[in-house]
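Each ligand, and each atom within it, is numbered from 1 in the order the structure gives. Residues: numbered from 1 along the sequence shown.
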Amino acid sequence: MRIAEIETRRLAVALKKPFKTALRTVHTAESVVVRIRCHNGLEGWGEAPPTMAITGESLDSIEAFIQTVKPLLIGQNPLNYERVFPILQYAAIGNNSAKAAVDMALYDLIGRSCKLPLYQLLGGYRNEIETDYTVSVNSPEEMGEDATHYVKSGFTVLKIKVGIDDIQKDLERVREIRNRVGYTIKLRLDANQGWEAKSAIRAIRTMEDLGLDIELVEQPVKAYDLTGLKQVTDAVDTPIMADESVFSPLDAFEVLKNRAADLINIKLMKAGGIYRAETINRMAETCGVACMVGSMIESRIGISAAVHFAASKMNITRFDFDAPLMMVRDAVQGGVVYDGKTIKLPDNPGIGIVNIDW
Ligand code: MG
């Protein structure tokens with residue numbers, strides 16, 4: 001199997017409601033879709049969304065990276081992946097989402113060539129998972145209404161975005177949602193770097209004292225502030241999860257060796273694809289740190305790749321894959337199948353994408 005052609009095309013699908021976090025507001029899910037064709041007729045699909053505020057990448061930069069790496073990959077056999085993935089990683093510094101798009105297309109090809117669904121090729125720990133649903137940061141009342149709506153739709157784990165303005169207001173947001181949904185629903189918070197260590201500690205302790213029963217708090221402080229992250233982790237009982245602080249395996253090493261967080265959120269778009277995400281998960285597992293896998297605002301192409309990876313590993317215990325449910329239409333044929341909060345992995349080879357309704 002030899003790579004013959006690598007093509008890209010842009011996909012844009014509107015969201016039902018703006019996705020709002022402490023870092024950005026998204027109205028439309030945009031991405032660069034990559035298709036790698038081999039001489040034997042097999043095709044692999046990948047995707048990368050532009051998240052300037054997180055990875056620094058745009059639609060243009062993603063396409064430019066893929067153009068750069070294309071001549072290096074044409075003629076290579078994806079099955080020789082210890083040769084191929086380093087070519088991809090070392091073609092340029094950064095560009096992690098663009099790398100992830102190519103990486104998942106290569107894994108798709110490897111799976112198709114072996115006639116195995118990717119989750120089985122990667123370990124086959126389970127073949128279905130349950131996703132949480134994200135409540136965008138808005139007024140406490142609006143968030144309470146949104147949370148009620150998602151619970152009525154069958155979701156039992158909510159991820160609440162906070163960290164945008166005043167930490168006291170975040171407490172109101174969490175109390176409002178807890179009052180509305182009751183205590184059978186799991187609530188996880190994501191401050192997206194919006195707090196500072198001392199005020200985060202005070203807020204999380206207050207939530208503990210009020211018995212708000214928060215499952216975990218994601219990325220309370222700035223991505224670079226590992227000292228602050230560790231301060232928070234050491235000072236509260238609630239588990240703290242690193243997200244924007246961990247892009248690469250080396251970032252994971254820094255967090256793990258200092259025990260700066262209790263949990264790590266792996267995203268293919270930060271890690272540069274499944275090859276490096278596997279390394280991060282193994283390192284975390286070795287250190288007794290469980291992982292979540294999440295996504296950016298991606299269509300079911302990128303999500304399918306991430307779900308295959310996440311489902312395959314025992315150490316990945318939490319799943320944040322609601323992005324396709326936020327879109328006004330599903331442009332993707334094939335891939336993983338949503339049934340309410342459950343996501344099922346069909347036994348089609350590779351990641352299983354068939355076609356896109358552009
Ligand atoms: Mg996060």
Practice item. Return each pair, listed once, that meets side chain to side chain donor-acceptor pair (under 3.5 Å) where at least one residue sits in residues 294-312; pairs must be two or more places apart or across chains. Key: Glu47-Ser299, Arg300-Asp330
Practice item. Give a yes or no on whether Arg24 atom CZ has more than 12 heavy-atom contacts from other residues, nucleotides or ligands under 6.0 Å away. Key: yes
Review point. Between Arg282 and Glu285, does at least one N-O distance fall below 4.0 Å, as a salt bridge requires?
Key: yes
Review point. For Tyr119, what residues pass the side chain to side chain donor-acceptor pair (under 3.5 Å) criterion, not counting sequence neighbours?
Key: Asp347
Revision key, fill the gap. So the protein N/O/S atoms within less than 2.8 Å of the Mg ion (ligand 1) come down to Asp190 OD2, Glu218 OE2, Asp243 OD2
Exercise for review: List in chain and number order the residues that pass side-chain contact (heavy atoms from CB on, under 4.5 Å) with Lys222, two or more places apart in sequence or in another chain; answer none if no residue qualifies.
Suggested key: Gln193, Tyr224, Asp225
**Study point:** Heavy atoms of other groups near Lys230 NZ, more than 12 under 6.0 Å
**Key:** yes
